[in-house]
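Sequential numbering from 1 along the given sequence is applied to the chain's residues. Owing to the predicted nature of the structure, the values given are computational and were not obtained by experimental measurement. Read the numbers this way: they start at 1 and go in the same order the structure lists the ligands and their atoms.
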Amino acid sequence: MNKALTIAGSDSGGGAGIQADLKTFQELEVFGMSAITAVTAQNTLGVHGVYPMTPEAIIQQIQAIGEDIGTDAVKTGMLFSSDIIEAVSEQVRKYRWENLVVDPVMIAKGGASLLQQEAIFAMKTYLLPLAKVITPNIPEAEVLTGLTIRSAEDKKEAALRLVELGVQTVVIKGGHDEDESESTDLLYDGREFHTFTNKRIQTKNTHGTGCTFSAALTAELAKGASVYDAVLTAKEFIQAAIEDGIEVGHGHGPTNHGAFRKKKELGNR
Ligand SMILES: Nc1ncnc2c1ncn2[C@@H]1O[C@H](COP(=O)(O)OP(=O)(O)O)[C@@H](O)[C@H]1O
Ligand SMILES: Cc1ncc(COP(=O)(O)O)c(N)n1
């Protein structure tokens, strides 16, 4: 069985972070492992508390996996501080983990900060150059490039700049796009642009969409898929998960991580 490791924050509400990643790995038949960078007290209404782990505790979790089990792919999510980013980058380099997906998580949907402002330098300097794929949403791509992104052309310009930072492939996600009918993700690998477009689903239940998308992409890379094919599957996975979103809590509910498998099983009958 192929293996994937997520290095990210815990979401007590179960829709985003480590919980979303592990559910997604399981659904895509990859053995999931985790190194927790921070514990958040979170539900569908927002983030109520953030408790970062020490860099030592994070390093030890990663080493426990690196020294014994190993992994076929790694993703990072919420990393919170420069110290954590530096520690994680050093471990990824040490184990030569090349299938690295960096989801540069910065702000939760409700507005809470999941990355300190000063950590953006460390993210760009130490972590992004190690990444095979980075998956910023539009506001994150704006912070990383200093550009304002409104049009499809702006997205392309931002992708070009992000590849200049040393990343192999950039996927700028379109969830925050102004387009009301579609959600388009843009892939750029330093040579070609590809777009992945699906119908925009009108729903408030989008908690954890970014985490789930990047976890699906990581699981597919762990199984040996090309980046293009992994993005294609991740896009299908998130579309099904949003379509079948779960009504729990009083705010932004989670997506349904089981929907993609259910849809495939129905299609195969
Ligand atoms: N309402 C929606 N309908 C269809 N796809 C969506 C919707 N919202 C987000 N997506 C898709 O979900 C994935 C995550 O995107 P996004 O919401 O931008 O990430 P984040 O959670 O990091 O802000 C992308 O593939 C995006 O196109
Ligand atoms: C612990 C943690 N990590 C990440 C997110 C971002 O979630 P989203 O996928 O909705 O951007 C979150 N809300 N909580």
Report task. Mark the output for A8 as yes if a heavy-atom distance to ligand 2 is under 4.0 Å, and as no if none is. Result -> no

Query raised in the report: Under a 4.0 Å heavy-atom limit, does I238 contact ligand 1 with its side chain, its backbone, both, or neither?
Result: side chain

Query raised in the report: Can you find an N/O atom of K235 closer than 3.5 Å to an N/O atom of ligand 1?
Result: yes

Query raised in the report: Which residue owns the protein heavy atom closest to atom 11 (O) of ligand 2, what's the atom, and how far is it?
Result: K109 NZ, 4.0 Å

Requested in this report: Salt-bridge test for R93 and E98: reply yes if a basic N is under 4.0 Å from a carboxylate O, no otherwise.
Outcome: no

Query raised in the report: If you measure from each non-hydrogen atom of Q239 to ligand 1, which part falls under 4.0 Å: side chain, backbone, both or neither?
Result: side chain

Query raised in the report: Just checking, any donor-acceptor pair under 3.5 angstrom between side chains of T6 and D21?
Result: yes

Report summary line: Contact region, S10 to ligand 2, non-hydrogen atoms below 4.0 Å, reads backbone

**Report entry** Per atom 27 (O) of ligand 1, closest listed option by heavy atom (S214, A141, P104, S183)
**Finding:** S183

Query raised in the report: Hey, does T206 come in under 3.5 Å of ligand 1, counting only N/O atoms on both sides?
Result: no

Query raised in the report: What's the spacing between R261 CZ and L266 CG if we round to 0.5 Å?
Result: 11.0 Å

Query raised in the report: Side chain, backbone, both or neither: which part of T135 has a heavy atom under 4.0 Å from ligand 1?
Result: neither

Query - ligand 2 versus C211: contacting region, heavy-atom distance under 4.0 Å - result: both

Query raised in the report: Got a donor-acceptor contact below 3.5 angstrom from the T37 side chain to the M78 backbone?
Result: yes

Query raised in the report: Do we get K156 above F193's six-membered ring, with its NZ or CZ under 6.0 Å from the centre and within 45° of the axis?
Result: yes

Query raised in the report: Just going by heavy-atom distances, which of G110, G208, A215 is nearest to atom 10 (O) of ligand 2?
Result: G208

Query raised in the report: Quick one: does ligand 2 sit under 4.0 Å from the side chain of I18, the backbone, both or neither, non-hydrogen atoms only?
Result: neither

Requested in this report: Say whether N137, considering both its backbone and side-chain N or O atoms, lies within less than 3.5 Å of an N or O atom on ligand 1.
Outcome: yes

**Report entry** ligand 1 to C211 polar contact by distance, N or O atoms, under 3.5 Å
**Finding:** no

Report task. Could you tell me whether K109 and ligand 1 have an N or O pair separated by under 3.5 Å? Result -> yes

Requested in this report: Could you tell me whether the side chains of K173 and T209 share a donor-acceptor contact shorter than 3.5 Å?
Outcome: no

Query raised in the report: Transitively linked via ILVMFWY side-chain contacts under 4.5 Å: V39 with I59?
Result: no

**Report entry** Nearest-0.5 Å distance that lies between atom CG in L217 and atom CD1 in I238
**Finding:** 12.0 Å

Requested in this report: Check if K199 has a non-hydrogen atom at a distance under 4.0 Å from any atom of ligand 1.
Outcome: yes

Query raised in the report: Would T148 and E142 count as having a side-chain donor-acceptor pair, cut-off 3.5 Å?
Result: no

Query raised in the report: Quick one: does N198 get within less than 4.0 Å of ligand 1, heavy atoms only?
Result: no

Query - G208, A241, G175: member with heavy atom nearest to atom 8 (N) of ligand 1 - result: G175

Report task. Check step by step if ring-ring contact (aromatic ring centres under 6.0 Å, His included) holds for F196 and Y228. Result -> CA-CA 10 Å; F196 301 82; Y228 180 90; 5.3 Å; yes

**Report entry** Ion pair D179/R200, N-O distance below 4.0 Å
**Finding:** no

